[in-house]
Every structure is written in structure tokens, then in C-alpha cells.
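Here is how names work: the chains are called A, B, and so on, in the same order as the sequence lines, proteins then strands, and each is numbered from 1. Atom set for the values below is all heavy atoms of this structure, side chains included, hydrogens, waters and symmetry mates excluded.
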Number of protein chains: 2
Amino acid sequence: MELHEPELREVPVTAVLAALADDVRLQIVRALAEGGEYACGTFEFGVSKATRSHHLKVLREAGLTRTRVAGTSRYVRLRRDELDRLYPGLLHAVLAAPDRVA
Amino acid sequence: MELHEPELREVPVTAVLAALADDVRLQIVRALAEGGEYACGTFEFGVSKATRSHHLKVLREAGLTRTRVAGTSRYVRLRRDELDRLYPGLLHAVLAAPDRVA
DNA sequence: GAGCTTGTTCGATGAAAGTCGAACATGGGT
DNA sequence: ACCCATGTTCGACTTTCATCGAACAAGCTC
């Protein structure tokens, strides 16, 4: 299984922003920001596992997360250091943003 | 002419991010970040004026810009102070991000 | 007022994105 | 070996979005 995890420098800013511009993915990122690694199944945000898998792929290919394979599970974590280095302030600003339900 | 300019607090973060997650709009924001006010017609980024008008509307309704009407022209400016207050670091991070063409 | 300029709005169109169920792949566990 | 659990991939469907030309609105200038 090839896990495509791009260099952050090769990802257009707009792709990073687009990855964050979705409710489900933002919830995932918020959860990831809390701690270390989470199994994919951890994220139950009212979507099917197909959809969840899709969102995790988007995050991964936008350079936001890294995935470690262990058995049948995959463990996901935020690439926070790299993100902070390349986009200082961005992650903090997004995470600190108030939760708006609409 | 009613110009819909929402309170920044009422705009979901995802809407702000989505507004920034487009090449044309990001170019507009970068241009606006340079100086003060610009007439809409200033922005020639290879799109028709209908499309330009659309993007400016998206930015305005995401709370990113303010528009002043003067005759047949409209002058647009970034709501930088408000943005920095509500999302400290976000604008800087986005503007400082390297221009990636591919 | 006629004409020009500036900008918005109205369809229409084509592409991208979110969502799902079902099928598939893979690796335990018993 | 068989089953189960975890995820991914594959269509298919729907919604959203970027884009355009054309029509419209409003104001300036002569």
C-alpha cells in the first residue's frame, strides 16, 4: 500500500486551505490537534466509513497528516511542526477559531 | 444596492477558509494586502468581469473585504484588523505563503 | 438624452467535490 | 481455514462551484 504523503512545500496553499475548509475535516483536525495518534475509526462524525476514508485521504494528500500502518489499522497524526514552520500561525488560528454551528 | 457585509463572528471558519482556497481570490487578497482601496476593475487576473464580480462577492460575504460604493465604481479593501483580531496569524500565514504555480 | 463606463445578475455549462452502499483487500483471532 | 474487524476503492448520485456571454442597472460626460 502506497501512502502518498507529499512534501509540504509541494502542496499549493490553496490545497491546504481547501482541505481545512470542510466541516468534517476540520473536526478531524481539531481532534488530531488534541493529542498524538488516532486510529481512523476513532473519527465518528456522522459520515460513513467510505466518506471518512475519503476525508482522511484529502488531509493526507494536502500534507496535513501522516499515517502509520499497523496491522489492519492506520494511525493518523497531524504534521504540526512542519505546518507551523511553513505556515506559522495558520494552524493555531484555525484551531483557536470559535466553533460556529451556523 | 444592498451590500451584504456580515459580522466576521457570524461567518463559519470554513467559509473564510473556502473563500481563501481559490487561486483567483487569493491573488485578489494578496493585491488588497498591498495597499488600501482598489476599484473592482483593478483586478485583471485572466477572468471575465462576471467571474471577477462573483469572486469579490464571495470574499465580501465571507467577511474578508469591505466595499465602498462611489458612483459607478466600487472600492474594495481588506478587513485586515478585524481578521487579525478574530483569526490572529491566519492572514499573515496565508500571505506569507510562497506563491506556488503548480 | 445618448452614449460610454463600471459593475451586477441571470441562465447555462462543465468540472469538482461530498456522500453513500457495495465490493474488495488485508491482517488478526479462534 | 474461516470469520471478523479495519480501511480502501469503485461506481453512482447530488450538490456545489467556477466560468462565461448576454442582459441589465446606475451613474458620469458631453
Would you mind classifying the nucleic acid contact of A:Val47 as base, sugar-phosphate or nothing, using non-hydrogen atoms under 4.0 angstrom?
-> sugar-phosphate
Residues A:Arg79 and A:Glu82 bridged, charged N to O under 4.0 Å | yes
Just compare C:dC20, C:dG18, D:dA18 and give me whichever is closest to any side-chain atom of A:Ala50.
-> C:dC20
Can you check the A:Lys49 NZ to D:dC10 P distance for me, whole Å?
-> 16 Å
Residue A:Ser48, side-chain atoms from C-beta onward, closest of C:dG21, C:dG18, D:dG7 | C:dG21
Should A:Arg74 be listed as having a side-chain N or O under 4.0 Å from OP1 or OP2 of C:dT26?
-> no
To the nearest Å, how far apart are A:Leu17 CG and C:dA16 P?
-> 19 Å
Rounded to the nearest angstrom, tell me the gap between atom CD in A:Glu61 and atom C1' in D:dT8.
-> 12 Å
Name the nucleic acid region contacted by A:Ala18, choosing base, sugar-phosphate or nothing; use a 4.0 angstrom heavy-atom cut-off, strictly under.
-> nothing
Just compare D:dA18, C:dT26, C:dT5 and give me whichever is closest to any side-chain atom of A:Thr72.
-> C:dT26
Checking all strands, does B:Ser73 fall into the base, sugar-phosphate, or nothing category for heavy-atom contacts under 4.0 angstrom?
-> sugar-phosphate
Determine yes or no for a side-chain-to-main-chain donor-acceptor pair under 3.5 angstrom, with A:Glu5 supplying the side chain and A:Thr67 the backbone.
-> yes
Nearest-Å distance for atom pair CZ/P, residues A:Arg52 and C:dT19 = 13 Å
Nearest-nucleotide comparison on DNA chain C, the residue closer to the 5′ end among B:Leu56 and A:Val58 | B:Leu56
Whole angstrom value for the distance that separates P of D:dT19 from NE2 of B:His54 | 7 Å
Atom CG of B:Asp22 to atom C1' of C:dA15: distance rounded to whole Å?
-> 13 Å
Would you say A:Val76 and A:Val29 are hydrophobically clustered, going by side-chain heavy atoms of ILVMFWY under 4.5 Å?
-> yes
List the steps and the verdict of salt bridge (Lys or Arg N to Asp or Glu O under 4.0 Å) for A:Glu44 and A:Arg52.
-> CA-CA 8 Å; A:Glu44 285 297 345; A:Arg52 185 214 322 149; 3.8 Å; yes
Select from A:Gly71 and B:Ala39 the residue whose nearest nucleotide in DNA chain C is closer to the 5' end of that strand.
-> B:Ala39
Starting from P on D:dG27, measure out to CZ on B:Arg68 and report it in whole angstrom.
-> 15 Å
Salt-bridged, A:Arg68 to A:Glu37, with N to O below 4.0 Å?
-> yes
For B:Ala21 and for A:Lys57, find the nucleotide of DNA chain D with the closest heavy atom, then tell me which residue's nucleotide is more 5'.
-> A:Lys57
Which part of the nucleic acid, if any, lies within contact of B:His55, taking any heavy atom under 4.0 Å across all strands shown: a base, the sugar-phosphate backbone alone, or nothing?
-> sugar-phosphate
Find the distance B:Asp23:CG to D:dA18:C1' and express it as a whole number of Å.
-> 12 Å
Short side-chain N/O contact to D:dT19 OP1/OP2 from B:Thr51, under 4.0 Å = no
